[in-house]
Amino acid sequence: RRERAKAIRTTVSEVYSAPRVTRALKMLPGLGLQAGFALDLTNHDEDGNAWDFTQEKMREKARKKVEDEQPMLLIGSPSCTAYCSWQSLNAVRQSWPPGELERRRVAADVHLAFVCELYHLQLEGGRYFLHEHPRTAASWQEAMIQDLLSVDGVDLIHADQCQFGAEARTGDHRGDPLRKATGFMSNAEELLKHLSRRCHGAGGRCTRRKGGRHATVQGRITRESAKYSDKLCKAILRGMVAQMRKVGMVKNGECGVYAMDDDGKLEEALKNPEHGYSGQYRDDTSGQLLKDDLVKEARRKELQYFCSKGVWLKRPKDEARRKTGRPAITVRWVDVNKGDDLHPRYRSRL
C-alpha cells in the first residue's frame, strides 16, 4: 500500500462542483487515484476568494491551475438551471424584472464556454474529461457542445441516476428513487460504459434492487438531486481506472501509473496463435499471456521434480485391483523432509 501511494500521482479534479468525486476517493484508496482540486463557489482560493467564474480573473486562475496540475480526469458540471424548460415558467410566476431571463442565459453561456475550453485543454494534453448535464437540457444543442461531440473519441451516453442510488433525502418522499435522466459526455470510452445504466421500469416503478416508485424531481428535491450519490462517484472512479487499464497506464500485478504505450497492440500483433499463443494460459499474478509450449514444458519439469522426491509412488494396476478390488492407483503420502510416511493426522488435513 505504501509503494502504491508513492507511485501513483494520477489526479481527478472537479470544476463547477463542490468536492464530490474527489471526496469519494478517500473511501477507495485501493483504486490508485489521487484527489485533485474542486473549484466551486463553496470553495476558496489561497487568497480567500470564492471560485466565481463570472469573473475573468478567476477563470484565468482556474485555467492556469488546469494547465499546471494537468489532472488526468477533469469533471465538469456547470449549472443547468438556465437551460431547463422550467426557467421560462419561473420567470413568469416569480415576476422577474425585464431582461433577467436573458441575463441568466448569457451568464450560463459564459460558464458553459469556459468549461468547454477546459475540456479542449484536456484533449490537447491527451487527458480525459467528463461533462454532466440533464439529458433534456437545451445545452446539448449548443454549438460549443456539438463541436466537442464532433471530436474523434468523444461520445455522449444517457443514464438514469436512480440506478446509482439517487433518492430523495427529506420530506414525504424520503427514500424514493430519483430517476433524473442525465447525459454524460467524455472521451473515456470505458468510463462511459460504467455510467451507461438505464431504468426500464414502467408506470413510475424503478428497476433498482430496492425497487420503489420514482419521486418527481421538483422543488426541494431538485436541489437535492444535484448532489452525486456515493454509488455514482464510485462508478466514475472505477470507470476511470478501467480506461487507464485499457490504454496501458495501469497494468495487472504492477504498482504505479505509466505513460500510455502500445503494449496492448504489440501483444495482439506478436502473441497470437501463429506464434504459439492460444490465449489459454496467463500468468496468475500479472495476467501476462504465456506461450503454450513453454507452459507445458514448465509443468513437465515441475512434475518430474516431484516424482524425483518420491512424493508419489506408482503401483501396477493389477496389484492395486487385487488389494482393493477397485481399478485405481494407490498414493503414498510421504514427508519429503524426513522420507517417512506422513502421519495420518496430517494426511487427513491434506
Subject >> side-chain contact (heavy atoms from CB on, under 4.5 Å) between S17 and E132, intermediate numbers included >> reply: CA-CA 11 Å; S17 171; E132 175 266 318; over 6 Å; no
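- Note that NE2 of H44 and CG of D52 are 10.5 Å apart. Values are rounded to the nearest 0.5 Å.
- Minimum heavy-atom separation, C233 to Y228: SG-CB, 3.7 Å.
- By the rule that hydrophobic residues join a cluster once side-chain heavy atoms approach within less than 4.5 Å of another member, L303 and Y281 end up as members of separate clusters.
- A heavy-atom distance below 4.5 Å is found between the side chains of R59 and V110.
- In this structure a side-chain-to-backbone donor-acceptor pair under 3.5 Å is present from S186 to F129.
- Between K64 and D68 there is a salt bridge, since a side-chain N of the basic residue sits under 4.0 Å from a carboxylate O of the acidic one.
- A pairwise comparison of heavy atoms in F184 and L192 identifies O-CD2, 3.7 Å as the closest pair.
- Looking only at side-chain heavy atoms (C-beta outward), T182 and R135 stay at 4.5 Å or farther from each other.
- Hydrophobic clustering (side-chain heavy atoms under 4.5 Å, transitive across Ile, Leu, Val, Met, Phe, Trp, Tyr) keeps L41 apart from I75.
- Across all non-hydrogen atoms, the minimal contact from P78 to V115 is CG-CG1, 4.0 Å.
- Pairs passing the side-chain hydrogen bond (donor to acceptor under 3.5 Å, both in side chains) check and including a residue from residues 111-122, sequence neighbours excluded, read Y16-H111, R63-E117, Y119-H131, Q122-R127.
- Separation of atoms CE (M185) and CG (D155) is listed at 10.5 Å; rounding is to 0.5 Å.
- Taking each heavy atom of P71 and V66 in turn, the nearest pair found is CD-O, 3.7 Å.
- Here the side chains of D176 and R213 are not in contact, with every heavy-atom distance at 4.5 Å or above.
- Although no hydrogens or angles enter the test, the distance criterion places a donor-acceptor pair under 3.5 Å between the side chain of N43 and the main chain of A38.
- Only one option out of R198, R197, Q163 pairs with T207 in a side chain to side chain donor-acceptor pair (under 3.5 Å); it is Q163.
- For R300, the CZ atom is densely surrounded, since the number of other residues' heavy atoms within 6.0 Å is greater than 12.
- Using modelled atom types, no side-chain atom of H214 and backbone atom of L178 make a donor-acceptor pair closer than 3.5 Å.
- S278 and D292 are linked by a side-chain donor-acceptor pair at a separation below 3.5 angstrom, with hydrogens and angles left out of the test.
- In terms of modelled atom types and a separation under 3.5 Å, the side chain of R179 and the main chain of C199 share a donor-acceptor contact.
- Rounded to the nearest 0.5 angstrom, L123 CG and N187 CG are separated by 5.0 Å.
- The side-chain hydrogen bond (donor to acceptor under 3.5 Å, both in side chains) analysis of residues 143-153, with sequence neighbours excluded, yields no pairs.
- In this model, no donor atom of one side chain and acceptor atom of the other lie less than 3.5 Å apart for D293 and Y277.
- Across all their heavy atoms, C116 and I145 have their closest contact at SG-CD1, 3.7 Å.
- Clustering ILVMFWY residues whenever any of their side-chain heavy atoms sit less than 4.5 angstrom apart, transitively, puts L294 in a cluster other than the one holding L289.
- Under the salt bridge (Lys or Arg N to Asp or Glu O under 4.0 Å) criterion, R20 pairs with no residue, sequence neighbours left out.
- One N or O on the side chain of Q243 and one on the backbone of E189 form a donor-acceptor pair closer than 3.5 Å.
- Heavy-atom neighbours of R169 CZ from other residues, nucleotides or ligands within 6.0 Å: above the threshold of 12.
- Nearest heavy atom pair, residue H158 against residue A181, reads NE2-CB, 3.2 Å.
- D172 CG: 12 or fewer foreign heavy atoms inside a 6.0 Å radius.
- No side-chain N or O of T11 forms a donor-acceptor pair with one of Q34 less than 3.5 Å apart.
- Residues Y83 and E142 meet the side-chain proximity criterion, which asks for heavy atoms closer than 4.5 Å.
- Between M58 atom CE and D47 atom CG the span is 8.0 Å, to the nearest 0.5 Å.
- Salt-bridge annotation for E14 and R23: absent, with no side-chain N of the basic residue lying under 4.0 Å from a carboxylate O of the acidic one.
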**OP:** Run the numbers on D45 and K61 for side-chain contact (heavy atoms from CB on, under 4.5 Å), then give the verdict.
**Re:** CA-CA 9 Å; D45 64 3; K61 202 167 189 177; 2.8 Å; yes
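- In this structure, I236 and L73 have side chains that are in contact, with non-hydrogen atoms separated by less than 4.5 Å.
- There is a side-chain donor-acceptor pair under 3.5 Å between S139 and H133.
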Original post:
Do V15 and F37 pass the side-chain contact (heavy atoms from CB on, under 4.5 Å) test, and can you show the C-alpha distance, the side-chain angles, and the key distance before you say yes or no?
Top reply: CA-CA 8 Å; V15 289; F37 54 77; 4.1 Å; yes
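- There is no path of hydrophobic side-chain contacts, each under 4.5 Å, that joins F53 to V106.
- Salt-bridge formation is detected for the pair K193/E190: a Lys NZ or Arg NE/NH1/NH2 atom is positioned less than 4.0 Å from an Asp or Glu carboxylate oxygen.
- Between atom CG of residue L232 and atom CZ of residue F164 there is a gap of 6.0 Å, rounded to the nearest 0.5 Å.
- The distance from atom CG of D160 to atom CG of L195, rounded to the nearest 0.5 Å, is 12.0 Å.
- In this structure, R208 pairs ionically with E167, as a charged nitrogen and a carboxylate oxygen lie closer than 4.0 Å.
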